[in-house]
Amino acid sequence: MADTTFNPDLKNLLEGEAGEKNISRYSLVSATAKLAREISDEANMEGEILTEKPVSMALEKLLDGEYTIEEPLEIRDL
């Protein structure tokens, strides 16, 4: 049986500080993928070899508050 627990840090990112809905999982995945692509592309342009996965680096930056995710108004209240 797979472990269904969710990373508490990601839960805080999704729900916000007071537990209110902050962003959707779709927005988190989309933003993480876009940021990971930017990290990867930048490393390739500079000829840098990454020792950590770009997705892990992107999630770390989001959790550290270096970037914020803003959902479009159309999906914010779904």
Side-chain angles (χ1 to χ4, degrees):
M1 180 176 220
D3 184 16
T4 58
T5 58
F6 195 61
N7 184 325
D9 292 336
L10 294 178
K11 187 175 181 183
N12 288 340
L13 185 64
L14 290 170
E15 293 181 358
E17 296 297 320
E20 74 279 351
K21 184 175 178 184
N22 192 23
I23 60 169
S24 67
R25 287 183 187 208
Y26 174 82
S27 294
L28 175 61
V29 169
S30 180
T32 302
K34 287 179 183 181
L35 184 53
R37 174 58 63 189
E38 288 177 17
I39 291 168
S40 179
D41 289 347
E42 186 177 309
N44 285 338
M45 285 192 319
E46 295 177 2
E48 181 183 346
I49 297 173
L50 298 175
T51 58
E52 189 177 351
K53 293 180 181 181
V55 171
S56 298
M57 295 170 70
L59 273 174
E60 199 171 294
K61 289 178 183 258
L62 289 168
L63 289 170
D64 288 344
E66 291 181 43
Y67 292 87
T68 56
I69 301 170
E70 292 189 26
E71 283 189 313
L73 293 174
E74 310 80 65
I75 66 170
R76 189 170 292 169
D77 295 325
L78 293 179

Linked, directly or transitively: Leu63 and Ile69 (ILVMFWY side chains, under 4.5 Å): yes
Listed partners of Lys61 passing side-chain contact (heavy atoms from CB on, under 4.5 Å), at least two apart: Leu35, Ile39, Glu66, Tyr67
When the side chains of residues 40-57 are checked against the rest of the protein, which donor-acceptor pairs come out under 3.5 Å, sequence neighbours left out?
residue : atom : partner : partner atom : Å
Asn44   : ND2  : Ser40   : O            : 3.4

